[in-house]
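Input: a single structure, listed below in structure tokens.
Each ligand, and each atom within it, is numbered from 1 in the order the structure gives.
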Amino acid sequence: MAVISRTAAELSAMLGPWQDGRGPLSSALADGIAELIDANMIPAGTALPAQRELARQLGIARGTVTSAYGLLEQRGRLLTRTGSGSRVRAEPSAPGANLTGRLFSFSDESRRRIDLSSGALPASAVAREVMGQIRFDALHDYLPTNGYFPAGLPALRTAIAERLSRDGVATAPDQIVVTSGAQHATSLVFGTYLTAGDEVVVEDPSYRGALETLRTRGARMRSVPFERHGINLPLLEQALAKRPVLAYLQTGVHNPTGLATDPARRRRLASALAGGRTLAVEDCCSYDLTLEGRPGRTLAGLLPDDRLVSIGSLSKLFWGGIRVGWIRTSRSRVRTLLEARKAVDLSTSVIDQLIAVRLLERADEARRERAAMLSVARSIAEGLLHEHLPRWTWPPVDGGAALWIDTGEDAAALAERAKQAGLLISAGPNFSAHGSHRTHLRLPVARDRTTLDRALATIAGLTTDRRR
Ligand SMILES: Cc1ncc(COP(=O)(O)O)c(C=O)c1O
């Protein structure tokens, strides 16, 4: 297995201002490194830089680093072996804890159990119909070309721009970059605008795929609570005063809570962002999944195009198997993103893009279909929850494919017990940059009644709340 390592320069950038003026330097340094371990910014197994190099980089005595590493070892956070340096230890209390996380969701292992760890939906009826009719004649127009379209097929860029314009966000085709899904788009945007140690504001909770990308890139995440009507604005303003490089937000329909930001708060959020230098990155993936089947409102149009990067996908509306997403921003940012993209990925599949053009013609119909399907699924799930777990609570959602449930107990421990019983479910800390929301679970609703009934009956038998 490849060993991840952090250089002294990277660790120093991630630590930021670690000397708080209180207590000995060695314990301040140990606390700073422990925080990075807790936030999973230096995950288990990571090799830390040699003591001499870190001391040189931080401008402190080597003995201070030796004592800091020693303290971390005593606290069980580091393992030091003569000759092979110091590594971050796995949390003794969480063997295989990452198996309930995102990476596990799409593995073969997850297919052998009841998997409620992902909210991904099967193909919509519209997608099935369109794909059943696809003829590849359209492909012939592209065969004489080299097949590489880093910004996307012109026909698809136009179709996406037209759809966004119809949704109320005037957009030109050259403001669009077609990507291989939204996860690719997010990773491309973070990779283009962030370097290790940069500060990023994230909502708490937030989409775990984005949190994972930010962790991998060594970003320092500052969490701001996401509440019933959107992000907590006073705390966001405090966070923006620190001049973070980027803010990752979802105001349309928010994953994992299913809540939308109300219009007044969205406007105030936009003006808070407009006053600073932080680049807003808005993930609009779930904005197609509103209760009414109409597109949700987002920040687009409320901020100058150059201050906002919006990300979208066809995965929710049609199917995750069509790897097509998009980025909408200013033309100059489009050029920067394209240069960055070409270094890792030359183009999205032409076949997928041609299918996407056809699908987008039927976006409105697909939204109504998803809304109807999710409304039935939600009421079945809520009925089963009342039956099996009457003490669990959740806010009424504005959309999405899941319920964000407060179990009133340690949901991470419950998820761990459920895993032993063959049931995968994602607990709140998976959706938090700093492991909060310990009593929460995200329950995807789009499952057949029998599966959900069995899953909730299993959980009811595992809950510690015997008064249920
Ligand atoms: C908020 C959010 N962003 C991004 C993605 C990734 O989407 P894609 O399948 O387009 O990569 C998802 C999928 O669950 C999501 O919920």
May I ask you to decide whether Arg228 forms a salt bridge with Asp398, counting only side-chain N to carboxylate O separations under 4.0 Å? yes
Near Asp283, which atoms of ligand 1 are under 4.0 Å from a heavy atom of that residue? 1 (C), 2 (C), 3 (N), 4 (C)
For Gly181, take its heavy atoms, then give the atoms of ligand 1 lying under 4.0 Å from any of them. 10 (O), 11 (O)
Does the distance from a Lys or Arg side-chain N to an Asp or Glu carboxylate O, for Arg328 and Asp305, drop under 4.0 Å? yes
Sequence-distant partners of Arg277, side-chain contact (heavy atoms from CB on, under 4.5 Å), two or more places apart: Arg243
By number and element, which atoms of ligand 1 are closer than 4.0 Å to a non-hydrogen atom of Arg323? 8 (P), 9 (O), 11 (O)
Show me which atoms of ligand 1 lie under 4.0 Å from any heavy atom of Ser313. 8 (P), 10 (O)
Using a plain distance cutoff, I'd like to know if Ser286 has any nitrogen or oxygen under 3.5 Å from a nitrogen or oxygen of ligand 1. no
Do Arg333 and Tyr193 form a cation-pi contact, if we require the NZ or CZ to be under 6.0 Å from the six-membered ring centre and within 45 degrees of the ring's axis? yes
List every atom of ligand 1 that sits less than 4.0 Å from any heavy atom of Ser315, numbering the atoms from 1 in the order shown and giving each element. 8 (P), 9 (O), 10 (O)
Steps toward salt bridge (charged side-chain N to carboxylate O under 4.0 Å, His left out) verdict (Arg163, Asp364): CA-CA 10 Å; Arg163 181 187 138 198; Asp364 293 337; over 6 Å; no
Taking distance alone, with no angle check, do Ala182 and ligand 1 share an N/O pair under 3.5 Å? yes
Side chain, backbone, both or neither: the part of Lys316 lying under 4.0 Å from ligand 1 by heavy atom: side chain
Does an N or O anywhere in Asn255 fall below 3.5 Å from an N or O of ligand 1? yes
Mind jotting down which residue pairs meet the salt bridge (Lys or Arg N to Asp or Glu O under 4.0 Å) criterion with at least one end in residues 444-457? Sequence neighbours excluded, please. none
Proximity winner for atom 4 (C) of ligand 1, if only heavy atoms of Trp326, Trp319, Tyr207 are counted: Tyr207
Would Glu409 and Arg417 count as a salt bridge (charged side-chain N to carboxylate O under 4.0 Å, His left out) if you check the C-alpha gap in whole Å, the side-chain angles of each, and the deciding distance to 0.1 Å? CA-CA 13 Å; Glu409 66 177 286; Arg417 292 197 295 279; 3.5 Å; yes
